[in-house]
Q: 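Mind looking over this structure? Questions follow.
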Amino acid sequence: MDSPAHTDRRRQLRAIGLMLIAVLMFALMDSALKMLSVHYPPFQVAAIRGLASLPLVLTWALVTVGLIPLFRVRWSLHLLRGVLGIVMMVAFVYALKSLPLSTTYSIFFVAPLLITALSVPFLKEKVGPRRWTAIAIGLVGVLVVLRPTGQGVLSLAGMAVLLSALAYAISAITVRLLAKTDSVQSMMVWLLAMMAIGAGALAYPDWVPVQREHWPLIAFLGVAGAFGQYAITLAFKWGEASLIAPLEYTALVWGVCLDLFFWGVLPDTVTWIGAAIIIASGLYLLRREKVHAESEHP
């Protein structure tokens with residue numbers, strides 16, 4: 001029989017795998033959001049994102065836990081997550097309309113640092129100096145991508161990404177708090193439902209009829225978003241937030257590939273240098289966690 005330490009280690013590894021899958025799914029979803037942002041207002045795109053994934057997630061929730069457990073939840077935290085979800089999605093979509101995916105992700109990479117900082121006072125997690133250093137080096141890589149002049153950050157689109165990152169970080173902390181009492185199903189259903197209803201209500205005055213040729217893209221958006229949300233919710237439920245959050249850095253790789261494939265945009269040399277710093281710091285962080293776990297549980 002495995003010891004609690006080994007069981008916890010396996011859960012952490014599963015959380016890492018789920019986070020990597022979530023990042024890929026969200027990168028594909030973000031590509032669809034960027035395509036839709038050209039045709040529809042940000043609030044409408046946010047509502048479409050929630051509506052597209054909600055039927056899949058709700059069906060899965062009803063099959064696995066039923067209807068009653070979905071209503072036995074901590075409503076205050078769910079409402080907070082709903083508001084944060086709307087802010088995060090609307091700001092992110094607004095930025096995607098004018099920024100490449102790779103640039104947007106580079107700015108968004110302040111989120112792991114925010115999550116790490118918030119995990120200390122709110123989740124009482126311990127973050128050693130080497131892990132803090134690795135995350136700080138990753139942030140330096142982000143600054144390299146942005147250029148020393150801060151180009152992109154000071155634009156309205158860049159500020160929107162920063163707002164989205166802050167909302168995401170706070171939402172990630174609430175997942176860990178909700179996981180103590182509420183099911184994964186309820187967290188996913190109510191986030192999407194509140195995003196669809198809240199963003200839909202705000203988008204209603206300027207709602208643009210959805211074009212027929214966009215329905216396949218919306219369907220793809222719903223599937224990718226549902227799988228991504230499921231994976232990231234479980235990842236933050238099972239894993240230590242300060243460990244799995246830096247895996248968001250892998251989104252830059254997907255962003256570069258998708259930018260090149262769909263829009264023919266390729267980062268310059270400085271962006272590649274920044275990306276290398278970010279990825280190297282993330283890999284070092286994971287290595288330090290492995291060494292730390294092995295030293296504690298030989």
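What you see below is based on every heavy atom in this structure, not just the backbone, and it leaves out hydrogens, waters and symmetry mates.
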Q: In a table with atom names and distances, give each donor-acceptor pair under 3.5 Å that connects a side chain of residues 27-38 to protein atoms at least two apart or in another chain.
A:
unit_1: D30; atom_1: OD2; unit_2: Y105; atom_2: OH; d: 2.7
unit_1: S31; atom_1: OG; unit_2: A27; atom_2: O; d: 3.2
unit_1: K34; atom_1: NZ; unit_2: L96; atom_2: O; d: 2.7
unit_1: K34; atom_1: NZ; unit_2: L99; atom_2: O; d: 2.9
unit_1: S37; atom_1: OG; unit_2: K34; atom_2: O; d: 2.7

Q: Apply side chain to side chain contact (heavy atoms under 4.5 Å, CB included) to residues W254 and V23 and explain how you reach the verdict.
A: CA-CA 9 Å; W254 296 115; V23 171; 4.2 Å; yes
Q: For T250, enumerate each residue passing the side chain to side chain donor-acceptor pair (under 3.5 Å) test, keeping only those at least two apart in sequence or located in another chain.
A: none
Q: How close do A15 and I244 get, heavy atom to heavy atom, and via which atoms?
A: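 Heavy-atom minimum between the residues: CB-CG2, 4.1 Å.
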Q: Do the side chains of V189 and L51 join up, straight or via other hydrophobic residues, at under 4.5 Å, putting them in one cluster?
A: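 No, V189 does not connect to L51 through the hydrophobic network.
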Q: For T174 and L80, work out which heavy atoms get closest and say how close.
A: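 In terms of heavy atoms, the two residues are closest at CG2-CD2, 3.9 Å.
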Q: Partners of L260 by side-chain contact (heavy atoms from CB on, under 4.5 Å), sequence neighbours excluded?
A: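 side-chain contact (heavy atoms from CB on, under 4.5 Å) check on L260 returns L266.
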Q: Any chain of hydrophobic side-chain contacts (each under 4.5 Å) joining V223 to V63?
A: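 Shared cluster, no.
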Q: Could you tell me whether the side chain of V83 reaches within less than 4.5 Å of the side chain of L79, counting heavy atoms only?
A: no
Q: Where do Y94 and L156 land on the side chain to side chain contact (heavy atoms under 4.5 Å, CB included) test, with the steps shown first?
A: CA-CA 9 Å; Y94 175 84; L156 199 55; 3.0 Å; yes
Q: Any chance you could measure L139, atom CG, to I277, atom CD1, to the nearest 0.5 Å?
A: 11.0 Å
Q: Which atom names give the shortest non-hydrogen contact between R74 and D182, and what distance separates them?
A: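 Here R74 and D182 meet closest at N-OD2, 3.1 Å.
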Q: Under 3.5 Å, sequence neighbours excluded: what are the donor-acceptor pairs made by side chains of residues 194-217?
A:
unit_1: H214; atom_1: ND1; unit_2: Y40; atom_2: OH; d: 2.7

Q: To the nearest 0.5 Å, what is the distance between CZ on R81 and CG on L177?
A: 11.0 Å
Q: Considering non-hydrogen atoms only, spot the tightest contact between L221 and S53 and give its length.
A: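 For L221 and S53, the tightest heavy-atom pair comes out as O-OG, 4.0 Å.
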Q: Can a donor-acceptor pair be found, under 3.5 Å and without considering hydrogens, that links the side chain of R49 to the backbone of M89?
A: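 The answer is no, because no donor-acceptor pair under 3.5 Å joins these two groups.
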Q: Do V87 and L178 share a hydrophobic cluster (ILVMFWY, side-chain heavy atoms under 4.5 Å, transitive)?
A: no
Q: When you measure from the side chain of D259 to the backbone of S102, do you find a donor-acceptor pair of N or O atoms at a distance under 3.5 Å?
A: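 It does hold such a pair.
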Q: Among all residues two or more places apart in sequence or in another chain, which pass the side-chain contact (heavy atoms from CB on, under 4.5 Å) test with A22?
A: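 Checked A22 against side-chain contact (heavy atoms from CB on, under 4.5 Å); matches are F26, A231, I232.
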Q: In Å and rounded to the nearest 0.5 Å, what is the CE to CG distance from M25 to L18?
A: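 Rounded to the nearest 0.5 Å, the CE-CG separation comes to 12.0 Å.
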Q: Using a 3.5 Å cut-off and no angle test, enumerate the donor-acceptor pairs between side-chain atoms of residues 64-73 and protein atoms at least two apart in sequence or in another chain.
A:
unit_1: T64; atom_1: OG1; unit_2: W60; atom_2: O; d: 2.8
unit_1: T64; atom_1: OG1; unit_2: A61; atom_2: O; d: 3.3
unit_1: T64; atom_1: OG1; unit_2: Q185; atom_2: NE2; d: 3.0

Q: F92: what forms a ring-ring contact (aromatic ring centres under 6.0 Å, His included) with it, not counting sequence neighbours?
A: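 Here the qualifying residues are F108.
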Q: For residues 162-170, please give each side-chain donor-acceptor pair under 3.5 Å, one per line with the distance, not counting sequence neighbours.
A:
unit_1: S164; atom_1: OG; unit_2: M88; atom_2: O; d: 2.9
unit_1: Y168; atom_1: OH; unit_2: E248; atom_2: OE2; d: 2.4

Q: Would you please name every residue forming a side-chain contact (heavy atoms from CB on, under 4.5 Å) with R14, sequence neighbours left out?
A: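 By the side-chain contact (heavy atoms from CB on, under 4.5 Å) rule, R14 matches R10, R11, W238.
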Q: If I compare all heavy atoms of P55 with all of A52, which pair ends up nearest, and what's the gap?
A: CD-O, 3.8 Å
Q: List the residues meeting side chain to side chain donor-acceptor pair (under 3.5 Å) with S183, not counting sequence neighbours, and say none if there are none.
A: S186
Q: Report yes if the side chains of H78 and M187 come closer than 4.5 Å at any heavy-atom pair, otherwise no.
A: yes
Q: Start with the C-alpha distance between W263 and L101, add both sets of side-chain angles, then the distance that settles side chain to side chain contact (heavy atoms under 4.5 Å, CB included), and finish with yes or no.
A: CA-CA 10 Å; W263 296 280; L101 275 177; 4.0 Å; yes
